[in-house]
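Note sheet for the following structure.
Residue indices begin at 1 and follow the sequence shown. In listed order, ligands and their atoms are each counted from 1. As a basis for the values below, the full set of heavy atoms in this structure was taken, side chains included, without hydrogen atoms, waters or symmetry mates.
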Amino acid sequence: MSYQAGRHFLQIPGPTNTPLPVLAAIAKPTIDHRGPEFGRLGREVLAGIKTIFKTENPVIIYPASGTGAWEAALCNTLSPGDQILMFETGWFSTLWSKMAKKLGLEAEVIPGDWRHGVDAGAIEARLAEDKDHRIKAVCIVHNETSTGVTSRVAAVRRAIDKAGHPALLLVDTISSLGSIDYRHDEWGVDVTVGGSQKGLMLPPGLSFNAISDKALAASRTAKLPRSFWDWEEMLEINAKGFFPYTPSTNLLQGLNVALGMLHEEGLDNVFARHDRAAEATRRCVRHWGFEIQCAEPAEYSSSLTAVRLPDGHSADNLRAEILARFNMSLGNGLGPLADKVFRIGHLGDFHDLMVTGVLTGVEMGLRVCGIPHNPGGVDVAMSYLAGNAGPGATPAN
Ligand SMILES: *Cc1c(COP(=O)(O)O)cnc(C)c1O
């Protein structure tokens with residue numbers, strides 16, 4: 001393939017664009033993971049990552065994709081044959097429930113329509129029925145990346161408490177961590193699953209389990225087999241900043257820099273920046289005349305927008321044309337949404353001009369493909385962004 005001038009726009013909802021300072025940190029020589037320099041790095045990242053999950057408890061870091069941390073969350077807290085309750089928000093919640101079944105758990109899935117988030121009332125009703133507490137855990141996806149729907153985790157916590165049920169709460173926050181407000185301790189989450197390649201602006205390859213005291217206690221009696229994923233040895237050695245097996249040294253160097261960038265900007269400013277990008281995108285999409293996959297405005301995702309194309313038009317063809325002509329990757333429709341939906345990732349390292357650039361690329365693609373739309377969506381996004389000063393517009397001091 002010949003060289004394509006200009007930067008590639010990686011606008012899938014993860015992996016996201018990795019900022020240069022993070023790439024530079026990853027490109028530094030690999031250090032001895034048993035030496036003193038690594039000990040300092042390990043202690044720094046293990047302390048720093050807690051502030052992103054908003055927890056005082058330890059966070060485990062695995063050299064694995066998010067899927068690994070899903071498995072770790074289940075096999076450290078549960079035993080073969082345990083009943084767990086899940087909610088079908090879309091593709092990722094479905095994959096997690098399939099994994100649970102493969103691991104020998106009895107996963108009961110409350111069906112959903114892939115346009116709404118977790119129904120806390122349905123969780124409460126099911127738990128209230130479970131008088132002898134056979135359900136050991138409730139597992140939900142905070143930000144469903146296949147649909148662009150963000151569920152209200154605090155409402156699910158309240159539902160479990162109202163039912164007076166002791167089930168653990170396990171939450172996947174892979175595509176919301178560092179993009180959308182998340183509070184592991186305050187929301188009473190027992191295990192939070194995170195990944196490096198979305199809001200944390202790193203390449204794929206690291207994933208996380210934030211754990212509560214209750215989850216840690218459950219791990220002492222949980223009988224699912226585990227070795228690589230075992231929390232116990234990890235926690236023991238992490239206390240000194242080290243890992244039981246070779247960690248992803250270079251990605252941890254990158255993580256340290258990414259954590260510094262997130263804190264320098266301020267987490268609240270990071271979340272506000274994502275909210276702005278999402279609102280500009282939705283205004284543009286509505287102006288084009290397309291439906292947003294998320295049907296509940298209170299559940300709109302700030303990290304991505306899934307756009308429904310009118311019947312008879314191929315979302316995959318649109319994405320292919322946009323990639324070929326404008327060097328931009330957009331997310332595909334997953335499962336039943338294949339070819340019907342495309343997803344615009346607006347998470348990680350980006351600013352207003354990148355948002356308008358992305359929307360311009362989509363609008364040009366609509367023209368190229370002859371998909372009927374109301375032109376000028378980008379103008380609507382520009383008006384919104386220009387009229388709503390971001391944090392950069394206020395003096396820093
Ligand atoms: C990306 C993603 C995953 C999968 O993570 P991998 O790193 O691909 O294993 C799981 N859940 C959600 C919500 C995601 O967005």
Do you see a donor-acceptor pair shorter than 3.5 Å between the side chains of Asp213 and Asn57? yes

Nearest option to atom 11 (N) of ligand 1, as decided by whichever heavy atom of Val193, Leu177, Asp172 sits closest: Asp172

Taking the ring of His346 and the ring of His274, is the distance between their centroids below 6.0 Å? no

Quick one: do the Glu88 and Trp114 side chains pair a donor with an acceptor below 3.5 Å? yes

Identified side-chain hydrogen bond (donor to acceptor under 3.5 Å, both in side chains) partner of Asn143 from the options Ser176, Ser151, Ser301: Ser301

Describe, in one word, how the ring planes of Trp70 and Trp96 are oriented to each other, choosing from parallel (under 30°), tilted (30 to 60°) and perpendicular (over 60°). parallel

Show me which atoms of ligand 1 lie under 4.0 Å from any heavy atom of Val141. 13 (C)

Protein heavy atom at shortest distance from atom 4 (C) of ligand 1: Phe92 CE2, 4.0 Å

Before giving the answer on side chain to side chain donor-acceptor pair (under 3.5 Å), spell out for Ser303 and Ser179 the whole-Å C-alpha distance, their side-chain angles and the decisive distance to 0.1 Å. CA-CA 6 Å; Ser303 58; Ser179 306; 5.3 Å; no

Distance-only N or O hit between ligand 1 and Asn143, under 3.5 Å: no

So, 4.0 Å and heavy atoms of Leu95: is ligand 1 close enough to count as a contact? no

Under 4.0 Å, counting heavy atoms only: does Lys198 come that close to any atom of ligand 1? yes

Looking at Phe271, I'd like to know if the NZ or CZ of Arg273 sits under 6.0 Å from its six-membered ring centre while staying within 45 degrees of the ring's axis. no

Under 4.0 Å between heavy atoms, the region of Gln197 that gets near ligand 1 turns out to be side chain

Looking only at distances, please establish whether an N/O atom of ligand 1 is found under 3.5 Å from an N/O atom of Gly66. yes

Hey, which atoms in ligand 1 end up nearer than 4.0 Å to a heavy atom of Thr145? 12 (C), 13 (C), 14 (C), 15 (O)

heavy-atom search around atom 9 (O) of ligand 1 in the protein gives Thr67 OG1, 2.5 Å

Does CG in Asp132 sit with more than 12 non-hydrogen atoms of other residues, nucleotides or ligands closer than 6.0 Å? yes

Residue portion contacting ligand 1 (non-hydrogen atoms closer than 4.0 Å) for Trp70: side chain

Per-atom filter on ligand 1: closer than 4.0 angstrom to a heavy atom of Ser65 are 6 (P), 7 (O), 9 (O)

